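Below you'll find the structure, written out as structure tokens, and then a few comments.
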Number of protein chains: 2
Amino acid sequence: MNDLPERLRGSGKRLTAQRELILRAVDALGHATPDEIFTEVRKHVSSVNVSTIYRNLEVLEELGLVRHAHLSDRAPTYHSVVGHEHFHLVCRSCRVVISVDPEVMAPVIARLGEDFGFEPDIGHLTVFGHCVDCEAPKDTAQK
Amino acid sequence: MNDLPERLRGSGKRLTAQRELILRAVDALGHATPDEIFTEVRKHVSSVNVSTIYRNLEVLEELGLVRHAHLSDRAPTYHSVVGHEHFHLVCRSCRVVISVDPEVMAPVIARLGEDFGFEPDIGHLTVFGHCVDCEAPKDTAQK
DNA sequence: TTCCATGCAAACACTTTGCACCGTG
DNA sequence: CACGGTGCAAAGTGTTTGCATGGAA
């Protein structure tokens, strides 16, 4: 599950305690913002800096170990790529986040390829909308 | 095309020069960020403030006259709703933005409804990916 | 004449950058 | 022991808010 050392070596980058801890935090937290990851990592080492979090989330994403998605109009969230690839549904009323198998998008992927020569990045996709039987009041606004 | 006065009246809001100019700017610019809209409006009236732009884009969106989408990791873009509803494809390499008819999403809308009781907001959707024959170099990074 | 809307300035949330020091390979 | 990584502080970008004044209805 943790390919970190090999992947880093392969690209001339170094293995550091921070990188290991950040990857572990992303794994542990599920969908977490840089700030939440920062807080989590700081539980294990006293002095980490936010800038290190940002720099390394970028590195880990380049290495294909984590991905990010925009689940709100605020900060992005990062999640580990250990499991299966998936895209997200977000309800604007109750804020629930549903992970969906890319297979559901198959017909659309085909159409976009044929009609536009476009290859969608499904793992980055977030679909906003509403649960049909959501208890929360329907929220027309975007925020 | 310009339902602004009636829609405002209907919700106890007032018709102001700024609101008209902002709506006109959104219409004229296509997909524009708040800052681009700000610049455009300022061409017609000397003293407008960015906060007025933000406040009114929110109002215009509530009234159903404009919509926003996230076409980059930076500022959102607003577009008028006069034409047909559509969603967006964005190529990470060449940055081209393609508007697509919601009909393409029909099978997915059906599946999400059946499987998750979820009603997607297609007009807000942005699908990142790559043009297959994009001249620009493939860009693995997210930015 | 009543409130909603505006301008202004300051604050805010999130992210990036420059630089000197640190530590992996 | 070279060069990539880190902490720190400061700056950058995009957005929001409080408040006094202005103007539509």
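In what follows, chains are A, B, ... by sequence order, proteins preceding strands, each numbered from 1. Just so it is clear, the structure is predicted and the values come from calculations on it, not from any experiment.
Between D/dT15 and B/Tyr54, a contact under 4.0 Å exists linking OP1 or OP2 to a side-chain N or O.
Under the 3.5 Å distance criterion, with hydrogens and angles disregarded, no donor-acceptor pair is assigned to the side chains of B/Thr33 and B/Asp35. Using modelled atom types and a 3.5 Å distance limit, the side chains of A/His70 and B/Asp73 yield a donor-acceptor pair.
B/Pro76 comes within 4.0 angstrom of sugar-phosphate atoms only, judged by non-hydrogen atoms across all strands, and of no base.
To the nearest angstrom, P of C/dA13 lies 19 Å from CZ of B/Arg74. Rounded to whole angstrom, the span from the CG atom of B/Leu4 across to the P atom of D/dA24 amounts to 14 Å. With rounding to whole Å, B/Glu6 atom CD is found 12 Å from D/dA25 atom P. One interatomic measurement links the two molecules: CD1 of A/Ile53 to P of D/dT6, which rounds to 10 Å at whole-angstrom precision. Distance B/Phe38 CZ to D/dT15 C1': 13 Å, rounded to the nearest Å. Atom CG in B/Asp35 sits roughly 11 Å away from atom P in D/dT13 (whole-Å rounding). For the pair B/Glu36 CD and D/dT15 P, the computed distance is 11 Å after rounding to whole Å. The interatomic distance linking A/Leu57 (CG) with C/dT16 (C1') rounds to 14 Å, in whole Å.
Across all non-hydrogen atoms, the minimal contact from A/Val41 to A/Leu21 is CG2-O, 3.8 Å. Considering every non-hydrogen atom in both A/Cys131 and A/Val96, the closest pair reads SG-CG1, 3.8 Å. The two atoms that bring A/Leu29 and A/Glu36 nearest to each other are CD1-O, 3.8 Å, heavy atoms only.
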Item to check | Derivation and outcome, salt bridge (charged side-chain N to carboxylate O under 4.0 Å, His left out), residues B/Glu58 and B/Arg55 | outcome: CA-CA 5 Å; B/Glu58 200 176 323; B/Arg55 290 193 267 235; over 6 Å; no

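Using five terminal pairs a side, the axes of the helix from C/dT1-D/dA25 to C/dG25-D/dC1 at its two ends make an angle of 40°, given in steps of 10 degrees.
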Indicate every side-chain donor-acceptor pair of residues 99-107 of chain A with a distance under 3.5 Å to a residue at least two apart or in another chain.
unit_1	atom_1	unit_2	atom_2	d
A/Asp101	OD1	A/Glu103	N	2.8
A/Glu103	OE1	B/Arg111	NH2	3.4
A/Glu103	OE2	B/Arg111	NH1	3.3

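Counting only distance, with no hydrogens or angles, the side chain of B/Glu61 and the backbone of B/His68 share a donor-acceptor pair below 3.5 Å.
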Next on the checklist: Output one letter per nucleotide in nucleotides 2-8 of chain C: B when a protein non-hydrogen atom lies under 4.0 Å from the base, S when only the sugar-phosphate is that close, - when neither is.
Outcome noted: -BBSBBB

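The aromatic rings of A/His79 and A/His86 sit tilted relative to each other, their planes meeting at an angle between 30° and 60°.
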